[in-house]
Amino acid sequence: MAKKEIAETPMMRQYLQFKKKHPDAILLFRVGDFYETFSDDAIEASKILGITLTKRANGAAQHVELAGFPHHALDTYLPKLVRAGKRVAICDQLEDPKLTNKLVKRGITEIVTPGVVTTDNVLQSKQNNFLAAVYPQAKGENRYGLALLDLSTGEFYASECTDQVLAKLVSGYNPKEILIERKHRDHLQRLLQPEGHLSDYDDWIFSESNNRERLLQHFGTLSLKGFGIDTLPLAITAAGAVLHYLDMTKHTEIGHITRIVRIDEQRHVRIDGFTAHSLELTTPMNAGGTTLRQILDQTVTPMGARLLDQWIAFPLKELQAIQQRQSIVANLVDNPQLRTQLTDQMKEIGDLQRLVGRVAMGRITPREVVRLGLSITLIAPIRQLALDEGEETLTALCSLLDPCAQLCQQITFQLNPEAPQQIGKGETIAEGFCEELDQLRRLLKSGKQYLDDLLARETEHTGISSLKIGFNNVFGYYLEVRNTYKEQVPEEWIRKQTLVSAERYITQELKEYEEKILGAEDRILALEQELFAKLIGTLQQFANQLLQDAQILAQLDVLASLAAVAKAYDYCRPTLNEGYDLEIVDGRHPVIERTLPAGQPYIPNDVRLSPIDCQIMIITGPNMSGKSALLRQTALIVIMAQMGSFVPATSATIGIVDSVYTRVGASDNIAVGESTFMVEMQEAASILNNLTPRSLILFDELGRGTSTFDGVSIAWAIVEYLHSTTQGRAKTLFATHYHELNELADHLERVQCYNVSAREIDGEMLFLRKLVPGGSAHSFGIQVAKLAGMPTWIVARAGEVLQHLEAYRTESDQAPDSATPSTSQSGGMQMSIFQLDDPVLTAVRTKINELDINNLTPLDALKQLDALKQMLNN
């Protein structure tokens, strides 16, 4: 019914043709100077954009919803639709309405979705905007193809991996949109739990043979061997799907996508999504939290900030590559003047990577090309600084920079330094570049003087003192005569318009001048468009080299940032080797130490792990003492070291780690029937099934989600398994309040016990936050509850309960010689709670004991008895 209403007019029938092709997109339909939306699109757009929703008559007293905005405000409203996760189809007028008497020809010029957006006001400068495609192998096989493309920068990656690696890659790269085959939607939604939008399509877009051919066609190669993905059919399928999607969304100018890089999972430390989240690498766990990225980010270019994200998410396992980064950081730490000079130069470069991307797509504006030219001019001095002052590794990196001197000269010579954002809104081409253009501009500039001279001559000739020259779009230039003087108008003047108090005329001379001037304006616009297009063509020839320069500058920016942080925060250069030991002296948590109140120092701690004599550290101690911080700082120091950074410690020696796993905190997945404990056990099982001799494992309060007996038993068994497993002796930090686990050190040779010290002085807690040998037998939970502001009665009552529980423990609570978790002969750790006195009966007993029977009158005794009865009844 709605379509019949809309289809009453030719224009609306045209609208419906495009809407039928893109039913899942909000269609912005160009009508004159406005983009309009209709019907359901209008209702949705008005809510998202906050614009007025109206109705227009559509024949036969029918109405259709309407909402629109001026076409020049597209850059204001489009980002809001994209951020709301909407697909937007832009339907433009393909001809000038003034030049046709028929229905204006229109067409879809672009489809904008969260994964293929390229405008700066939608993109976040310090984050990549990846479009991903995921393709699973046949049912029952745990292999997936993954492709990732940032259209704005041309970065294109592909991989084949297991489900766990896939989830890590998706979490690390954080794509804004993921393409999937429709039949796999439910499975991939559960597996990936993506933050980005899932877009599902029919199976034709995931054809391996078609997609292999599409990749070969794009790269102009005979095979994909040179990219390292020739034998990865799932990766090829996913990557081809990405290119097909660009075709579907009208993004055909993609010359800046010059290669596809294979993601080699063997090259990077494995950090699953939960670990990255719990360590707060790039995303805080709570609103307002501080991440490792924020501490390390002193980058001065957007492309450097984006690369820093990738380095944090994907630390290296290759010793030589890590040491190369360290060497440059060390050079920049030791040479602050060089670092400052390089940073000052890079500050002015801007986002070279995305500017080149806009060149390749033909979407760069004149003003942006000027900015690009200024950026390119800085490459030469940066290169020279590094070559003159840098050490060998820095020199080798920066020697790859190409200053593109010829291109710089051309941009400088051809473009006006004050070029406008849009051609036609000012002078784009520099004076002196094109003689014809200069002549036309002189003609326009002399026009005002010509009109002034003409007006003076006609005033003298006619004697009309109030004569004026004006211009409008209907009549062009005209002479305006007030009615008082119309009798003095010469016969050769031609009347064109009558007003209330005046009449307007044209003359042959004025008409000829108008044609000359308007012709000059049109010719200037055409010439500037033509010359600018040629310049863009030249820039596109340099795109590959400029993208390489941008990548090198991004690396330099990150390395300079790491050096600045190392110098400012007193970090040391860690020693990495191919061994298995981990030794950190005076290690500090890089985030916590920067967020402590002023004047409060962070207490450093030593950690030593070795598969020979201290593979597993059991860490006990009070709540709030710093156990969790110690675990996390150890992992963060390892990650920082293997991304090439200096670390917060006096010294650190680290045998290369290939994976970091954490089981920290409580979470659930109630939507699919998974309790907190189930999620905890699933994550622990995933760790235990994937660990290697080079893994670093952090367990924090494992087993607390179930009963005490079950929890201790599971924790006990896991420690034994880690100690004895044939897969390798993974380095493990195990923080717990199960003091029973301390006894494992007596039975397992590579288990050592430590505690984070604290003291209780006159009922008050003093946290020393120092890791010392030996296990702790107390957690001081009641004292911590008191610090948290728990009501006094609860704190006091909890103390009484604790005394009863400890009193009922027997000697059999100690672990027997068989090295199995202990139970209590008097009911165990849980059952003894039922042996406590009821608090009401305790109060009654206290009340009776306080009575002075010898001095009670019979009436007082009855009153006291009634009070005791009331206590029992209440």
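The chain is numbered in sequence order, starting from 1.
- Ion pairing between K347 and D344 holds under the 4.0 Å rule for side-chain N and carboxylate O.
- With hydrogens and angles disregarded, a donor-acceptor distance shorter than 3.5 Å links the side chain of T395 to the backbone of E391.
- Annotation for A305 and D297: closest pair CB-OD2, 4.4 Å, computed over non-hydrogen atoms.
- Taking a cutoff of 4.0 Å between a charged side-chain nitrogen and a carboxylate oxygen, D150 and R306 do not qualify as a salt bridge.
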Q: Would you sort out whether E265 and R270 count as a salt bridge (charged side-chain N to carboxylate O under 4.0 Å, His left out), showing the intermediate values?
A: CA-CA 8 Å; E265 59 186 274; R270 181 173 177 179; over 6 Å; no
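- Classification of K317 and D264 as a salt-bridged pair fails, no side-chain N sitting under 4.0 Å from a carboxylate O.
- The CG atom of N416 sits 10.5 Å away from the CZ atom of R367 when rounded to the nearest 0.5 Å.
- Without hydrogens or angle criteria, Q345 side chain to L378 main chain gives no donor-acceptor distance under 3.5 Å.
- Looking only at side-chain heavy atoms (C-beta outward), D309 and N128 stay at 4.5 Å or farther from each other.
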**Q.** Verdict with supporting geometry, R383 and D549, salt bridge (charged side-chain N to carboxylate O under 4.0 Å, His left out)
**A.** CA-CA 10 Å; R383 182 179 186 274; D549 286 346; over 6 Å; no
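- Judged by a 6.0 Å distance limit and a 45° cone about the ring axis, K168 is positioned over the six-membered ring of F314.
- When only modelled atom types and interatomic distance are considered, T290 and R594 share no side-chain donor-acceptor pair under 3.5 Å.
- Defined by atom type and a distance below 3.5 Å, a donor-acceptor pair is missing between the side-chain atoms of T412 and Q409.
- The distance from atom OG1 of T231 to atom CD1 of I236, rounded to the nearest 0.5 Å, is 7.5 Å.
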